[in-house]
Amino acid sequence: MSEKDQFYFNKHEPIRACLLALRTLILSKDPDISETQKYGMPCFCYGRKAFCYLWTDKKTTEPYLLFVDGNLLDHPALETGDRKRMKIFRIDPKADLPLLLIDKLLKAALDVLKD
């Protein structure tokens, strides 16, 4: 099993299924998106530039999407926290994924890189 796959399969359900679904959604957005691993977490790149990561909150284990250029994204569902550049979008692994919102956020993050 690859190191990338191991990240997902080391998680317990329903977090594993949630992260795998998010992985599929991200990779299906554009053929130029690739997955690598940075800082021990899945990193998704458009071309050679990282645009988002998948991670879980250390306290709650809640999955989230971390957008690298989040400071350029304006959406009320995104959290800045202590970060200056990045923003996160929390996901409830026990609920249905908000597919339209995730799609909108991913498109906005990709648009920042394409401009």
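The first residue of the sequence shown is numbered 1, and numbering continues consecutively from there.
- In this structure, Tyr39 and Tyr53 approach most closely via the heavy-atom pair CE1-OH, 3.5 Å.
- Pairing each heavy atom of Ser34 with each of Gly47, the nearest pair is OG-O, 4.3 Å.
- One finds the CG atom of Leu99 at 14.5 Å from the NZ atom of Lys104 (value rounded to the nearest 0.5 Å).
- To the nearest 0.5 angstrom, Gln37 atom CD is 10.0 Å from Phe44 atom CZ.
- When all heavy atoms are compared, the tightest approach of Cys52 to Leu106 is SG-CD2, 4.3 Å.
- In this structure, CD1 in Ile88 is found 12.0 Å from CG in Leu105, a value given to the nearest 0.5 Å.
- Counted within 6.0 Å of CG on Asp74, heavy atoms from surrounding residues, nucleotides or ligands total 12 or fewer; the atom is thus considered open.
- Side-chain N or O atoms of Arg16 include none that pairs as donor or acceptor with a backbone N or O of Glu13 at under 3.5 Å.
- A 6.0 Å sphere centred on NZ of Lys94 holds no more than 12 heavy atoms belonging to other residues, nucleotides or ligands.
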Open item on the list: What verdict does the side chain to side chain contact (heavy atoms under 4.5 Å, CB included) test give for Leu54 and Met41, after you've listed the backbone C-alpha separation in whole Å, the side-chain angles of each residue and the deciding distance to 0.1 Å?
Closed with: CA-CA 6 Å; Leu54 283 178; Met41 65 181 104; over 6 Å; no

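- Taking NZ of Lys29 as the reference point, atom CZ of Phe51 lies at 9.0 Å (rounded to 0.5 Å).
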Open item on the list: Pair Leu97, Cys18 - check side chain to side chain contact (heavy atoms under 4.5 Å, CB included), show working.
Closed with: CA-CA 8 Å; Leu97 290 175; Cys18 180; 3.9 Å; yes

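- A salt bridge links Asp5 and Arg23; the closest N-O separation between the charged side-chain nitrogens and carboxylate oxygens is under 4.0 Å.
- Taking the side chain as every heavy atom from C-beta outward, Val68 and Lys49 never approach each other to under 4.5 Å.
- Ionic pairing of Lys107 and Asp30 is not present here: no N-O contact between side-chain nitrogen and carboxylate oxygen is shorter than 4.0 angstrom.
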- [ ] Could you walk me through whether Leu19 and Lys11 pass the side chain to side chain contact (heavy atoms under 4.5 Å, CB included) test, one step at a time?
- [x] CA-CA 9 Å; Leu19 291 169; Lys11 305 294 181 198; 3.8 Å; yes

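- With salt bridges taken as basic N to acidic carboxylate O contacts below 4.0 Å, none links Lys87 and Asp69.
- With contacts defined as side-chain heavy-atom distances shorter than 4.5 Å, the pair Lys114/Tyr46 qualifies.
- Around CD of Glu3, the count of heavy atoms belonging to other residues, nucleotides or ligands within 6.0 Å does not exceed 12.
- Residues Leu100 and Phe67 do not share a hydrophobic cluster, defined by chaining ILVMFWY side chains whose heavy atoms lie under 4.5 Å apart.
- Put simply, CD1 on Ile15 and CG on Leu20 are 12.0 Å apart, with the number rounded to the nearest 0.5 Å.
- In this structure, Thr61 contributes its side chain and Asp57 its backbone to no donor-acceptor pair below 3.5 Å.
- Between Trp55 and Phe7, the ring planes are parallel. Angles under 30° get that label, and only those over 60° would be called perpendicular.
- Here CG of Leu66 is found 11.0 Å from CD of Glu79. Values are rounded to the nearest 0.5 Å.
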Task: side chain to side chain contact (heavy atoms under 4.5 Å, CB included) between Met86 and Asn71, intermediate numbers included - done: CA-CA 6 Å; Met86 300 180 180; Asn71 59 324; over 6 Å; no

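- Here the shortest heavy-atom pairing between Leu73 and Ala109 reads CD2-N, 3.8 Å.
- Closest approach of Ile91 and Glu62 over heavy atoms only: O-CG, 3.1 Å.
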